[in-house]
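Just so you know, these numbers use all the heavy atoms, side chains as well, and skip hydrogens, waters and symmetry mates. Naming: A, B, ... by sequence-line order, numbering from 1 per chain.
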Amino acid sequence: MTGKLSLVVNGAKGRSISVPDDERLLDTLRWRLGLKGTKEGCRTGDCGACTVLVDGETTLSCLTLSHEVDGAKVTTIEGIAEDPEGRRVQAAFEAEEALQCGYCTPGFIVALTGVRRELGSEATSAALVDGLQGNLCRCTGYLAILRAVDRVRDGPP
Amino acid sequence: MTRSDAALKSRGGAVYGLDLETDGMLFGALVPAPVASGVLRSVDLTAARRAPGVVVAVGPDELAALLPNGGNAERPVFPKSRILYRHQPVAAVAATSLAEARAAARLVRVDVTNEPAFIDIEDRYPEWPSKLASNDPHVVAHVVARHGDLAAAFRTADLVHSETYRTSGIAHVALEPHACLAVVADGTWKVTTSTQTPFGVREDAAEILGIPQESLVVEGTWVGGGFGSKGAAFLEPYALLLAAASGRPVRLAFGYREEFLTGRSTLPSVIRLDTSVKNGTITGRRVRLLLDSGASLPGRDFATGYSIGFLLGPYKIPAFEMEGYAIRTNKPPFGPHRAPFAPQCVFAIDSHMDGLSRRLGVDPVEFRLRHVWREGDRTALYQPVGPFGAAAGLERAHAKVAEWRRNLPAGTGIGVGIGFWSTSTGAGGEVRLHLTANELVIEQAEHEIGSGSVVRGLVAVAERYFGLPTDRIRVVSTSTATAPFDSGVFGSRTVAALGRAVEAAGAKLLETLGARASMVGTPRLDVDGRRLVLVSGRTKTPVAELLKPKEREGGLVTEGRHYGRSGAIDATRAVEGTFYPYTDFTASVHVAAVSVDRETGSVKVLRYAAFQDIGTVLDAGMFRGQVEGGVAMGLGTALTEETLWGPDGRLGNPGLLDYRIPTIAEMPPVEVVAIEGFLGAGPFGAKGLGEPPIIPVPAAVANAVADATGARVVELPLTPERVARALKLL
């Protein structure tokens, strides 16, 4: 079955699109809306590469049916910089070279932005890292990502 | 300096293989063999062809009509009769959607006999040391090396230390699965793919399809992690075949489950070591190796190629005998995985050295210092050891162990491991430089896989060579149709080999410009405002004035190449089989501090230090990133990562919940220290770095566990269960 739904993606005006009932938000974003910055990884919720914000909350788009989020505001890596917090996180990843192949990077940046929004700017690095445990990276050994987390926390607002 | 791809990647703008899309494209799906061993009777495509959305379905019987000469008879795209491993592709379909393609693939009827699978090498060869018949059909390679009088060494020894080590299969887990997009039109075959080796894929895919290399174009994309998994043709031949059959572009991509089920990585091994000691010095060593080579064909087994020689170092041993067998089993073929098989070799060798020194009552680091290679020594196969930072690294490690003994709580285990590696040159590499009035462009074939070797490493070489700032140097990656040849991003070779090619092309560039400007001696480049200028002494000439009219657009072009020399090995020592001549040795000396839970056997890594012999650090960020990343991956190999194969050839853990890689919460602090000055063959004395930092991690962790508990775990990975068994808790 296919039904209409409306998504507000990256602040754009709500778009009504026809989407099969069983389509995942990941596939709607990547293949219908052309937002390929959201990365497809395991499709089983284990790697975090597909993380997006749904009404500000970190969400695995591979485990979310598009119809579940009808009417919601969705933020992907392409729109994260419109949020000042998202821009700060992005800048910290660039400054610390907290990326290598870059495949996990959009998921990490979106997740850290969401966790900061959720826990507030006073949240400790340990609490922030707790919120990143669902994001896997195979290249960096995470240590540069941890330096980026510290930079986001301790850097100028 | 920040790497040039940081902004693109952090904004989601990098296009990877899995992101490829084009008008009118079809989606491909592969049909897996339902058994691990058997004979294929028939592949019936009738039902699949009638399924909704299906455009083509191809199996073994279609190859003759689709490929010139029917493809390669010895390496057919699909097996003609014998199934070598479960999930080996036996047919493929292309449909207008991925869901339709997958549904149709399930409708293909594969009629195959089901024979007992050969999975565990110790099932067939349980006795050790076992004498295998050289005509044993499961032996795909047999290697023998020896030197000196080992019998005498053992007869006169104060003691002989003997132990058997076992290692497990592992998986790459590159975050981006394999993916490619193929188009066949007007006699030209083209595939765009996420690969470490565009020219390697061209050669390999052309061979499998039976087409001339010149008629195939391979174009790379950003690579979402390789680690060896994207080093040869994998999905490309199937995608090209489907594109040829359908006349439409075909996208073929794997999911993680398929990656695990058919990935070509390191497979299990059994390593037996016997070492004789006289007056505190090693006099002889016997090395025995049984290595699972998976479904490798004789002469094509990768396993015994590069890395087995790592069982023969990095210590001076007067007499030795080494015998290794690569055994064919019903698993996917053994394939390269970051420093292929070296972490496993070093786990055995350095666990053994550690255990032996403790038995002798000698400090483990001291004991290694007595025996480790230094410049001027010869390897077991009588290759000269060049500048090599192992002893310098051991001295630093010694100090680190002492510091941690003082500062860390009682009960903490501290262990040391020495990895060594040889920077590969591969077949060779070439680059093309384009100098315009304002910038220098480095054109070459490789695409960035993550390490930074392409986007940052080659730029760093050019910066130093020309004295130009980073923002005036750009690297472009072009397809095999236009790029100069390079053998690939593997073997830690990219900066070492292509960097030397940049220097060679640079020398020609400066020579040409100098002649045009009538300068004496070698000029250099510099920046003057927006312009580039050629400088010699006090004379400055704008590059723009030195370019010929036809060079105004594309710039002055020069090409440079670097084909490394391979070393020689002593054939009287390397008696049988293939041993690779190593050239440029790199040492990685690591120290791990761990705590061990005495009730559960669980190991926690508290602190970690890595002393890395690198020759010259060309970029501090890249250096640190490679070492930290290698340590993390090595901790996975050491503690959790293991492919679990059932007796019927099924993989029991084809997903990230059951195959555990390190997470962000599990990383210890890692001190990264460069040991410079032991210069390698790369530009400015740099040595390769992609692989070395993973090598000693399992050994360092195992030795730390032995230090903490007095019990030695002789099997990788060190899961709580194995540690608990060693502690006699189970």
Side-chain angles (χ1 to χ4, degrees), chain A residues 20 22-23 27 30-31 34-49 76-81 89-110 126 129-130 132-146 148-149, chain B residues 2-3 5-16 18-19 21 98-99 172-177 179 222-227 253 255-257 448-452 456 621-622 624-633 635-636 655-657 661-667 669-670 672 693:
Chain A
D22 61 354
E23 184 165 296
D27 296 325
R30 282 172 56 82
W31 296 100
L35 296 170
K36 298 249 181 81
T38 300
K39 290 301 174 227
E40 176 177 336
C42 63
R43 297 179 72 89
T44 50
D46 302 318
C47 78
T76 69
I77 188 68
E78 289 91 346
I80 203 79
V89 171
Q90 221 166 33
F93 270 70
E94 290 168 23
E96 295 291 347
E97 298 193 28
L99 53 87
Q100 287 185 24
C101 85
Y103 206 75
C104 70
T105 309
F108 263 104
I109 287 172
V110 170
V129 169
D130 221 34
L132 295 176
Q133 284 201 54
N135 291 73
L136 297 178
C137 171
R138 192 61 154 166
C139 298
T140 65
Y142 303 104
L143 296 164
I145 294 171
L146 293 170
V149 170
Chain B
T2 309
R3 48 191 293 168
D5 57 350
L8 181 74
K9 287 175 173 175
S10 74
R11 289 162 168 80
V15 175
Y16 298 84
L18 205 65
D19 301 328
E21 186 176 6
L98 183 58
H172 302 96
V173 196
L175 266 273
E176 178 207 19
W222 292 99
V223 180
F227 314 112
Y256 273 32
R257 189 179 149 77
E448 180 57 51
I449 71 166
S451 67
R456 178 66 197 135
M622 229 176 94
R624 191 176 188 182
Q626 282 311 284
V627 177
E628 290 175 347
V631 169
M633 210 168 177
L635 289 175
L656 289 170
L657 273 189
I661 69 169
T663 72
I664 194 168
E666 291 158 354
M667 280 305 290
V670 178
V672 178

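Of the listed residues (A:L99, A:T105, A:T44, A:V89), the greatest number of heavy-atom pairs within a distance under 4.5 Å of chain B belongs to A:L99. Options A:G37, A:G141, A:A98 differ in how many heavy-atom pairs under 4.5 Å they form with chain B, and the most are formed by A:G141. Chain B forms the most heavy-atom pairs under 4.5 Å with one residue out of A:R30, A:E78, A:K36, and that residue is A:K36. Across B:A632, B:A99, B:G224, B:G636, the residue that shares the most heavy-atom pairs under 4.5 angstrom with chain A is B:G224. Comparing B:V173, B:I449, B:L8 by how many heavy-atom pairs each has under 4.5 Å with chain A, the most go to B:V173. The choice from B:Q626, B:M622, B:E21 that makes the most heavy-atom pairs within less than 4.5 Å of chain A is B:E21.
For A:I145, the part lying under 4.5 angstrom from a heavy atom of chain B is the side chain only. For a residue to count as touching a neighbouring chain, one of its non-hydrogen atoms must lie under 4.5 Å from one of that chain's; by this rule B:A7 touches chain A with backbone and side chain alike. Within the 4.5 angstrom heavy-atom criterion, only side-chain atoms of B:P177, from C-beta onward, approach chain A. For B:R257, no part sits under 4.5 Å from any heavy atom of chain A, backbone or side chain. Contact annotation for A:T140: only backbone heavy atoms (N, CA, C, O) come within less than 4.5 Å of a heavy atom of chain B. For B:E666, no part lies under 4.5 angstrom from a heavy atom of chain A. Both the backbone and the side chain of A:R138 come within less than 4.5 Å of a heavy atom of chain B.
The shortest distance between side-chain heavy atoms of B:I664 and A:Q133 falls below 4.5 Å. Two residues are said to be in side-chain contact when any heavy atoms from C-beta on lie closer than 4.5 Å; B:R11 and A:I80 fail this criterion. Counting heavy atoms from C-beta outward, B:E176 and A:E40 have side chains that stay 4.5 Å or more apart. B:L656 is listed as a side-chain neighbour of A:L136, based on a closest heavy-atom distance under 4.5 Å. Counting heavy atoms from C-beta outward, B:S10 and A:I109 have side chains that approach closer than 4.5 Å. The shortest side-chain heavy-atom distance between A:K39 and B:D19 falls under the 4.5 Å cut-off. Contact annotation: the side chain of B:V223 never approaches that of A:Y103 to less than 4.5 Å [non-hydrogen atoms, C-beta and beyond].
Using a distance-only test at 3.5 Å, with no hydrogens or angles considered, a donor-acceptor pair links the side chain of B:Y16 to the main chain of A:C101.
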- Message: Could you go through B:K9 and A:E94, starting from their C-alpha distance and side-chain angles, then the distance that decides it, and tell me whether this counts as salt bridge (charged side-chain N to carboxylate O under 4.0 Å, His left out)?
- Response: CA-CA 9 Å; B:K9 287 175 173 175; A:E94 290 168 23; over 6 Å; no

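A donor-acceptor pair shorter than 3.5 Å cannot be found between the side chains of A:Q100 and B:E448.
Ion pair B:R624/A:E97 not flagged as a salt bridge, since none of the NZ, NE, NH1 or NH2 atoms sits closer than 4.0 Å to an Asp/Glu carboxylate oxygen.
Going from atom SG of A:C139 over to atom CG of B:L175 covers 7.0 Å, rounded to the nearest 0.5 Å.
Here the closest heavy-atom approach between residue A:C42 and residue B:Y256 is recorded as CB-CD2, 3.4 Å.
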